[in-house]
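Proteins come first, then strands; the chains are lettered A, B, ... in the order of their sequence lines, and each starts at number 1.
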Amino acid sequence: MSPLNRISAAAAGIHLSDEETRRYSRHLVMPEVSIDGQRRLKAARVLCVGAGGLGSPILAYLAAAGIGRLGIVDPDAVDHSNLQRQIIHGTPRVGHPKVASARDRILEINPNVEVETHEVALRADNAMRICHDYDVIVDGTDNFPTRYLVNDCCALLGKPNVYGSIFRFEGQCTVFWAERGPCYRCLFPEPPPPGAVPSCAEGGVLGVLPGVIGVMQAIETIKLIIGLGDPLVGRLLAFDALRMRFRELRLHKDPACPLCGERRTIHGLIDYERFCGAAPQECPVPEMTVQELRDRLAARDDLVLIDVREPSEYQICRIPGARLIPLGELPARMREFDPAHAIAVHCKSGARSAAAVRAFQAAGFHRAKNVRGGILAWSKEIDPSVPTY
Amino acid sequence: MKILFFAQAEAITGCDHARLDIDRAISVDELWDAVIAAFPGLGPLRRSTRIACNGQYATATTRLGPADEIALIPPVSGG
């Protein structure tokens with residue numbers, strides 16, 4: 001059942017007490033919300049990933065608005081340096097777990113809320129289980145690996161991902177919902193190289209900035225649950241506090257998205273630390289340029305060219321003379337080759353083929369080389385008639 | 001062509017916008033080549049940053065004209 005259908009079904013059986021009727025009276029008098037919308041809020045289960053700068057206003061406002069169940073994921077303890085912006089945590093709570101600190105404040109704001117605390121880092125081995133029992137996931141994390149993890153988990157589970165992120169004086173907010181629009185990978189297919197984009201700890205952040213972005217995430221969450229207005233699906237709001245300016249950018253679903261596009265290659269969660277380059281770098285493999293490849297193919301020497309992409313990719317484009325052996329089949333098919341031969345391996349951009357070259361080297365093929373830049377480089381530098389994807 | 005820099009792109013270039021001397025329609029790849037020639041520090045962001053043209057995210061086939069307003073919006077991760 002889709003998250004919104006589940007909320008509709010559960011809302012029918014929800015009762016508001018006299019205390020709740022008084023508490024939510026400013027909602028109830030608005031026909032756009034009314035008692036029906038308030039029942040939906042109480043029926044809803046929202047997970048906030050991160051109880052930090054964004055999580056603080058998200059959790060406080062969603063609690064005050066009367067969300068029935070709020071989940072909080074955060075492995076950290078409150079640090080003194082958090083207090084400049086993470087307003088759900090008070091100074092006496094420094095050193096305490098963030099999830100406990102946030103839970104206590106939420107229950108002060110609204111004791112009707114059921115709070116579930118998850119004092120863990122969201123990881124590939126627990127994300128599906130934790131996210132499964134919530135209708136809407138709100139991303140208030142502070143690092144790229146967890147952002148790709150939340151995105152993939154939401155897309156695989158069919159749940160909306162209310163996204164916000166901040167940097168110094170700027171913030172971004174949108175709703176990724178793969179069933180209705182683009183996902184995070186459609187917008188940012190590749191993470192930046194490690195260190196290229198500083199974290200808040202490295203680059204700093206204006207303390208009030210996550211207030212603006214987190215409140216927008218809370219608004220979008222409430223709108224989704226009640227079914228109000230136009231959600232931020234397919235639109236990214238970029239906020240610049242210094243110039244006090246919002247810009248809206250239209251986003252499109254990427255047909256080539258590996259997660260939600262037409263030819264999906266991601267069917268489950270992956271290793272996000274490695275994907276984002278945070279895992280230790282493996283040693284480089286021997287390479288050849290596409291120019292060298294072209295010359296050697298033209299010279300018709302003994303070079304064997306292997307394409308380790310998937311058949312669907314091979315259908316889109318290929319380098320003439322390449323033999324298709326998807327990376328997953330390579331170990332079983334290595335014996336088709338002679339270790340004495342020169343071997344060139346390519347893929348789309350060079351990462352999978354580097355893994356293939358490592359496998360060849362481990363099996364004693366010392367003349368295996370990686371084609372730097374893959375078929376994308378071939379298309380760009382050698383043969384523009386080869387389509388890229 | 002007017003190029004707007006957001007977030008880390010602004011931090012790297014030290015300005016919120018720049019004008020590039022481009023007098024014809026170009027591809028996203030050609031724009032990146034021109035931008036990085038002018039601001040080499042943006043090189044590491046190339047593969048992870050999408051280009052927006054007049055408020056719409058550009059695709060690999062979008063043509064960018066001299067009168068278009070281009071924005072470089074790198075991902076940010078803080079929370």
Taking the side chain as everything from C-beta on, heavy atoms only, tell me whether A:Arg263 gets closer than 4.5 Å to A:Ile316.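 The answer is yes; the side chains approach within 4.5 Å.
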Given side chains that start at C-beta, do those of A:Cys173 and A:Gln217 come closer than 4.5 Å, heavy atoms only?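 Yes - at least one pair of side-chain heavy atoms lies under 4.5 Å apart.
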Under 3.5 Å: donor-acceptor pair, side chain of [X], backbone of [Y]:
| X | Y | result |
| --- | --- | --- |
| A:Ser379 | A:Val386 | yes |
| A:Arg235 | A:Glu248 | no |
| A:Glu381 | A:Val290 | no |
| B:Asp68 | B:Ile70 | no |
| A:Lys253 | A:Ala178 | yes |

Residue pair A:Cys186 / A:His252: nearest heavy atoms and the distance that separates them: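 Looking at all heavy atoms of both residues, the shortest contact is CB-O, 3.9 Å.
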Contacting moiety of [X], where chain B heavy atoms sit under 4.5 Å:
| X | value |
| --- | --- |
| A:Glu170 | side chain |
| A:Leu209 | neither |
| A:Pro191 | backbone |
| A:Arg243 | side chain |
| A:Ser56 | neither |
| A:Tyr148 | neither |
| A:Asp254 | side chain |

Among the listed options [options], the residue most often paired with chain B at heavy-atom distances under 4.5 Å:
| options | result |
| --- | --- |
| A:Thr146, A:Asn143, A:Ile166, A:Leu187 | A:Ile166 |
| A:Ala256, A:Gly50, A:Ser165 | A:Ser165 |
| A:Gly171, A:Pro189, A:Pro210 | A:Pro189 |

Which portion of [X] sits near chain A, non-hydrogen atoms under 4.5 angstrom:
| X | value |
| --- | --- |
| B:Asn54 | neither |
| B:Ile12 | neither |
| B:Pro74 | backbone |

Flag the pair A:Phe144 / A:Phe188 as yes when their ring centroid distance falls below 6.0 Å, and as no otherwise.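 When the ring centroids of A:Phe144 and A:Phe188 are compared, they turn out to be at least 6.0 Å apart.
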